[in-house]
Student: 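Mind looking over this structure? Questions follow.
Quick note: numbers below take in every heavy atom, side chains included, and nothing from hydrogens, waters or symmetry partners. All residue numbers in this chain count up from 1 along the given sequence. Computed from a predicted model, the values in this text were never measured in an experiment.
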Amino acid sequence: MSTLRQFSEKERDYDAYQARQNYLRQQRTIQFERDELEQELNEERKAKEFERKEKEAERSAKEEALAENERLKALLAKNNLDA
């Protein structure tokens, strides 16, 4: 009977060990997936920030071109009046 009890206890201990190992595997998998998603999110944020900066630079360049165009028009108009 004592041998049977020892086997039973060892089996119960092994089952508890396996349960802990399974839990740790699941937690590692969850953490790995979370890290991957976080990395993808950061990459998307960087891409959006890059696009925003590009659009801002393009808008700024257009504004500068329009301002230069207006300046040249004013200069041309002034030269036409002086002539």
Side-chain angles (χ1 to χ4, degrees):
M1 190 68 167
S2 114
T3 305
L4 185 59
R5 194 174 316 125
Q6 283 179 334
F7 279 122
S8 179
E9 287 174 5
K10 285 184 178 185
E11 188 173 327
R12 197 177 20 231
D13 289 345
Y14 182 74
D15 288 344
Y17 169 79
Q18 285 296 344
R20 283 192 304 271
Q21 293 302 312
N22 288 337
Y23 174 78
L24 292 173
R25 274 199 254 349
Q26 288 173 344
Q27 292 304 309
R28 280 192 301 266
T29 300
I30 290 169
Q31 186 62 44
F32 178 75
E33 290 173 353
R34 182 179 293 150
D35 291 345
E36 278 186 331
L37 290 173
E38 192 172 304
Q39 184 177 358
E40 288 176 18
L41 182 60
N42 285 337
E43 288 172 4
E44 287 177 18
R45 284 181 184 151
K46 287 179 184 178
K48 285 182 181 180
E49 180 66 18
F50 181 76
E51 286 179 29
R52 186 191 65 76
K53 286 182 178 181
E54 268 189 336
K55 286 180 182 179
E56 179 66 26
E58 186 178 315
R59 185 189 60 78
S60 179
K62 284 181 182 179
E63 285 179 358
E64 288 175 14
L66 287 172
E68 179 66 12
N69 192 18
E70 290 300 318
R71 186 186 71 79
L72 292 174
K73 281 182 184 179
L75 185 60
L76 183 60
K78 181 181 176 193
N79 284 342
N80 283 343
L81 289 178
D82 289 342

Student: If you look only at distance, which donor and acceptor atoms sit under 3.5 Å apart when one is on a side chain in residues 7-23 and the other is two or more places apart or in another chain?
Tutor:
residue	atom	partner	partner atom	Å
Tyr14	OH	Gln18	NE2	2.6
Asn22	ND2	Gln18	O	3.4

Student: With the side chain counted from C-beta on, respond yes when Arg45 and Lys48 share a heavy-atom pair under 4.5 Å apart, and no when they do not.
Tutor: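 SC-SC contact between Arg45 and Lys48 ruled out.
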Student: Show which side-chain atoms of residues 32-42 pair as donor or acceptor with protein atoms under 3.5 Å away, not counting sequence neighbours.
Tutor:
residue	atom	partner	partner atom	Å
Asp35	OD1	Gln31	NE2	2.9
Asn42	ND2	Glu38	O	3.4

Student: Suppose the criterion is salt bridge (charged side-chain N to carboxylate O under 4.0 Å, His left out): which pairs have a residue in residues 52-65, not counting sequence neighbours?
Tutor: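 Only Glu49-Arg52, Glu56-Arg59, Glu58-Lys62, Arg59-Glu63 qualify under salt bridge (charged side-chain N to carboxylate O under 4.0 Å, His left out).
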